[in-house]
Amino acid sequence: MGKVVVVTSGKGGVGKTTSSAALGAALAQNGDKVVVVDFDVGLRNLDLVMGAERRVVYDLVNVIQGEAKLSQALIRDKRLETLFLLPASQTRDKDNLTPEGVEKVIAALQSAFDWVICDSPAGIERGATLAMRHADIAIVVTNPEVSSVRDSDRIIGLLDSKTLKAENGERMEKHLLLTRYDPVRAERGDMLKVDDVLEILSIPLMGIIPESADVLRASNVGSPVTLADTRSAPALAYFEAARRLKGEALPINIPGEKRSFLGKIFGRKAA
Amino acid sequence: MNDVLTESRPIRLKGRSFLALALTPELPLEDWLTRLDHLASRSAGFFLRRPVVLDVDGLDIDRSQLRELVDQLGKRNVRIMGIEGARQSLLGADLPPAMNDGRPAADYEAKMAEQAEKAEAPEAEATAAAAAVITAEPLATKATPSLVVTQPVRSGQSLFFPEGDVTIIGSVASGAEVVAGGSIHIYGALRGRAMAGTTGNASARIFCRKLEAELIAIDGFYKTADDMEQNLRGKSVQIWLDGEALKAGALG
């Protein structure tokens, strides 16, 4: 039985889709069989970020409504044998997602894959609640600014009350993924610091992804950042986050705080 | 002009719970009404001036039948103050308002159900139930219950506990609210709203490890973040009511 992971945030534009693709590709590079499911019906993006937009024939809604078989809708990544995408529909709306249909699809995926990564839409409505409903693990993607943190807090509340795990009285495993972190701006006070975010959300941190042009460049060429440039800082951070998702206990480096020895001697240049 | 008015005497809004009899009609309604008449003939004026809630949960009736039932009860001097367990489509402007236990914090539900059940006995034992209602009042005041929450209260969550004190081991997030009949103790940061003593308890207090609240209130007197003393922000603070003024002081 594979693990079902939901990547969620409440707020839009914080990096859910980028993170879903990057973590999916990172896990698949280890040989794990991974499927990334786009739940953002009507506003799909994951196919673009994964460079599969010209290969979409059937989608999640087709499968749920019985118009296509799951195997017809799954798209295998061209670069990684073990990475698959289940795209969302762009022409339908979220009302086409039914709880029973989603349950069936997730159960089928879970038996065939090691990881089922559900890329949640923004918001707290139907699409988002269905994406989190069957999850074993939740990754809460947050930017270091107040509105994103508050929305994440709201989502954590929903994860603890509206998911199957919560309704069965179990505890949902939750991880915080801090994205678009800019150490210079955090130091200046333009952004919340890592400690502030952790203090407010009080869930374990699984990684800090630095703000970087590499991320934008990767999505523009239709490749998860962990495939496009495996040596870049965000890719390395995603690789580490994926290892923590698998249960490894790695220490977390806060970007900017591992200032070089010389930097420490010559004072705070960045500030 | 407006500013002056709002500053000197704010409007006080308080939560309050009352005990009501809950009537649970059964189908067929004619038979049930006959039995009700029988009960009323034995103890005249039983429902007179009592608040009565109609519990129609699980009852398969439509809107016109419900209206008819309320009219029938009205003819028997049973005045319905609210309807519980009805689908939204059953209710309308001409019917009493919906009553659902009014507490959005279903997650932290506590004790109330017991009291409700006491008033909800079948009609044959209604006289016994009435006795229970009367004894229920001293019972409720005998011990002050308390609610302990061991996880943070997240944004958008609302914790409502009119029966007594609330203790939270964790923080109350921005956009979350805690409403208590007694005092509120927060072993963490208070970033949302805390309303203590809402059932008219002026001696209730609010305690928190770190005051970053959006709003605090005791017994209906409130202060927003802008009105609070800025030097206490981020500190360990207690808040109490002195006459009609909210006071705050650092702890420890």
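Taking 4.0 Å as the cut-off between side-chain N and carboxylate O, E214(B) and R150(A) count as a salt-bridged pair.
A 6.0 Å sphere centred on CZ of R180(A) holds no more than 12 heavy atoms belonging to other residues, nucleotides or ligands. In K247(B), the NZ atom is not crowded: 12 or fewer heavy atoms of neighbouring residues, nucleotides or ligands sit closer than 6.0 Å. Surrounding CZ of R67(B) are more than 12 heavy atoms belonging to other residues, nucleotides or ligands, all under 6.0 Å away. Atom CG of N231(B) is surrounded by more than 12 heavy atoms from other residues, nucleotides or ligands within 6.0 Å. Within 6.0 Å of NZ on K162(A) lie no more than 12 heavy atoms contributed by other residues, nucleotides or ligands.
Here L201(A) is the residue among I124(A), I155(A), L201(A), V146(A) with the most heavy-atom pairs under 4.5 Å with chain B. Comparing G170(B), A173(B), S174(B) by how many heavy-atom pairs each has under 4.5 Å with chain A, the most go to S174(B).
A pairwise comparison of heavy atoms in D160(A) and Q151(B) identifies OD2-OE1, 4.4 Å as the closest pair. Of all the heavy atoms in V153(B) and D153(A), the pair that sits closest is O-OD2, 4.4 Å.
The closest side-chain heavy-atom distance from S202(A) to R154(B) is below 4.5 Å.
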